[in-house]
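Following: one structure in structure tokens, then a few remarks.
Here is the naming used below: chain letters follow the sequence lines, and residue numbers restart at 1 for every chain.
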Amino acid sequence: MPPAATDEKKPTAETPAVPMVNVQIDGQWYQFPKGTRMIEACRQVGKDVPHYCYHPKLTSPGNCRMCLVEMGMPPRLAPGQEPEKDGEGHQPIQWIPRPAIACANTVAENMGIRTDSELTRGCRHGVMELLLINHPLDCPICDQAGECRLQEFSVEHGTGGSRFREQKVKKPKNVDIGPRIRLDDERCIMCSRCVRFTDEIADDPVLGFTERGSHTVLAVHPGHELANNYSLNTVDICPVGALTSNDFRFQMRVWFLKETKSICTDCGRGCNTLIGSREGRVYRQTPRENNDVNSAWMCDHGRLNFHYLDSELRLSAPLVKDEGVHKESTWPKAIQRAATALKAHGGSEIAVVVSSRMTNEELFMAKRLIDTLGAEHVATVPRAGEPDAYLIAADKNPNTQGARLILGLEGDLAAGLDSVRRGVADGRIKAVVTLQEDLLTPEAGFDAQTLDGLEALVVLHLLANPTAQMASVVLPGAGFAEKRGSMINVTGRLQRLNKATEPFGQSLDDWEILRDLIQAIGGGNGIYLIEDVFKQLAAGVEEFEGLTLSKIGDLGVPLIETGETVPLLERERERIAKGQIVG
Amino acid sequence: MAIVVKRPKLSFWEKLYLPGIIKGLGITLRHFFLSLTGKTKVSMQYPEEKWDSHLPEYYRGAPALVTDEQGRERCVACQLCEFICPPRAITIHPEEIPSEDKWAKVEKRPQEFEIDMIRCIYCGLCEEVCPEQAIFLRKEYAFTGLKREDMVHNKKRLYEIGGVREGLVNKWNELK
Ligand code: SF4
Ligand code: SF4
Ligand code: SF4
Ligand code: SF4
Ligand code: FES
């Protein structure tokens, strides 16, 4: 058995060391810090207590009763009586005939918990039977099937049959409660997780219960809808299929999905995610817990921003332009064309526009390309947006920190871009390479006329866009779910992306394209694996020293200090300190 | 809290395989001698002779989709058969039933349902796993085609083969 104290947060300057209490769980004695919830104590020693309403990030109303366990305390002593102790200093436990909920009660000195006694098992049977009385037989059409707590606990703790011979209560089904969410009231088990999330985390308390008894239904407040930008998190925490996502609804059964740990690239926060994919197609993204980045949540916008990966606009093969028309080409030919076009120009005539949406490894290869070409004009496209009071960062680029570090950009990024724009306009710049950036967007601010004057325009992008339309060579790159690499978020944390699917069609990983291009321009460079790129990056950029891609780990490592804080995490820490949530 | 299902452990004799092979060979040999001595007749002059009319109700021919007595397609695209199918012969693209449809309350149906008959091994697991009693192994067994695509049964073809099945559990039909 692991020593109980190791899992707990280490005491820091603000949180003085908490006294430990002795607790007996299923016959074995352990020590836990005072204030630990019984359910967490059991979990730490490998005894999972089934639960529905309890969620460590939310308050514990204790309403589902699934976590009932048998509990005991030491006998009450008469005045002056000496406690009777065994050889190890523990008092005998008097078991209480009434079970207690493990989620909202905390451990106490000399407490006993039985997670597998007859009483505990009986409670679980009873709770399951009552929950299933009015539950519909919807599993075949229910998106939650396969990751449904009700299914899992039916198998583990259910009775296997129904004694209910009456008519089931009918409730509203397929209810539209917001733009992204569908509610099925028959499946709801009234755990109130969604109600608490919208109230406590999203500050948008639009959900609540109406009616009474077995007719209780979850409802959205009249005249309101569940539309906040964090609404889809309720789908994740709903233990059953009562809340389902319109986007993912009926797309794929969850047991087919391969889950890849990655990060969201929609803004500079870099929320940790799981990408659910099957046979080369991404079906959904869900948040992955990281208490230094996104807690257990992510915003709806970032979560749903992956459909472009298999949209009609995806470029599937390298293109070269001959007599004004793009023709499909092969990789060696397209790379050669790009290299020849760029070699014809001196460094002062070449500009490279690099995207801060690229990974560190790609940025490093881009830097190599810049050095090989001797290009004197380098810029990124800054994307400033509105931050919110939760997770969304002001910086809409996921890797601005990485771009600054690796490309050595300093000061105002917008000014750098402006100077490239002016250079192109006045004809000083004759060749432009743009990496994963469309130059004809309002953010980039180039105009088609000036780009038309260029002698060479090489575009690496994953989608067809107006700039690619004008390019002499188009190199199709990879999307965020198709690559392994790392990025640095706004708080300076180095995090890792992993490959969920293969690049679309003939497109290649960006770093491979850049490697081949560098090779065609300047000769061999001995890079065969993404790990090699990182190795060279670690050798070349001081901040990365001593790191490897695998050392970054699933939760990332703090790399640089930026002074940014995450409003949502600040509030979470306050709640933990007040003892409102476990965290 | 995923549930871990343990694979059954093979015994020593099962791991050896040989007893099974010897037993199988024994059965074949017995039939060989029985037919040599004329005690049984097992050869049939196919295709002139066919045993179609003797096929039992439980015959395991091609898997096909069935509709109920009200013409409702029983399959709700739960994809359990796709999951269980050992040679991965089944591909299902689910879709939501539009709200104006008569059976909108069922919510889900297959937009396309394909069974690759080159892959299918006629094991019947799809029929066994189906919670909606929507897929059955019927009596058709002779399929030919000139191209691989010809051997893939799409939803339309599957309903043609399957036809109507009456008297099954009808959980969607009670008034709701
Ligand atoms: S919520 Fe769970 S038990 Fe209920 S229908 Fe959906 S999958 Fe089945
Ligand atoms: S909809 Fe889901 S999360 Fe909300 S109360 Fe019902 S079961 Fe709980
Ligand atoms: S009969 Fe067996 S092999 Fe054929 S489709 Fe059904 S499950 Fe697959
Ligand atoms: S198991 Fe039955 S209901 Fe489910 S997809 Fe297959 S045929 Fe349809
Ligand atoms: S988890 Fe304890 S009462 Fe619901």
Inset, instruction - Of all the heavy-atom pairs spanning Phe250(A) and Lys108(B), show the shortest one and how long it is. - result: CD2-CD, 3.4 Å
Inset, instruction - Identify the residues of residues 110-135 of chain B whose heavy atoms come closer than 4.5 Å to a heavy atom of chain A, ordered by number, or report 'none'. - result: Pro131(B), Glu132(B)
Legend entry - Over 12 foreign heavy atoms within 6.0 Å of CZ, Phe164(A): yes
Inset, instruction - Using heavy atoms and a sub-4.5 Å threshold, report which of residues 146-166 of chain B line up against chain A, by residue number. - result: none
Inset, instruction - Would you indicate whether Arg121(A), at its atom CZ, is surrounded by more than 12 heavy atoms from other residues, nucleotides or ligands within a distance under 6.0 Å? - result: yes
Inset, instruction - State, to 0.1 Å, how close Val106(B) and Ile141(A) come at their nearest heavy-atom pair, and which atoms those are. - result: O-CD1, 3.4 Å
Inset, instruction - Flag the pair Glu107(B) / Lys173(A) as yes when at least one side-chain heavy-atom distance between them is below 4.5 Å, and no otherwise. - result: yes
Legend entry - Inter-chain contacts: residues 232-248 of chain A against chain B, heavy atoms under 4.5 Å: none
Legend entry - Salt bridge present between Arg182(A) and Glu96(B) (N-O < 4.0 angstrom): yes
Legend entry - Phe256(A) side chain near Gln79(B) side chain, heavy-atom distance below 4.5 Å: yes
Inset, instruction - Determine, for Glu186(A) against Lys105(B), whether the closest basic-nitrogen to carboxylate-oxygen distance falls under 4.0 angstrom. - result: no
Legend entry - Atom pair NE2 (His93(B)) and CD (Gln251(A)), whose distance is rounded to the nearest 0.5 Å: 11.5 Å
Inset, instruction - For Glu312(A), look at atom CD and say whether over 12 heavy atoms of other residues, nucleotides or ligands are found less than 6.0 Å away. - result: no
Inset, instruction - Quick one: list whatever passes salt bridge (Lys or Arg N to Asp or Glu O under 4.0 Å) with Lys139(B), sequence neighbours left out. - result: Glu57(B)
Inset, instruction - Measure Glu147(A) against the heavy atoms of chain B and call it side chain, backbone, both or neither at under 4.5 Å. - result: neither
Legend entry - Neighbour count above 12 (heavy atom, 6.0 Å) for Phe83(B) CZ: no
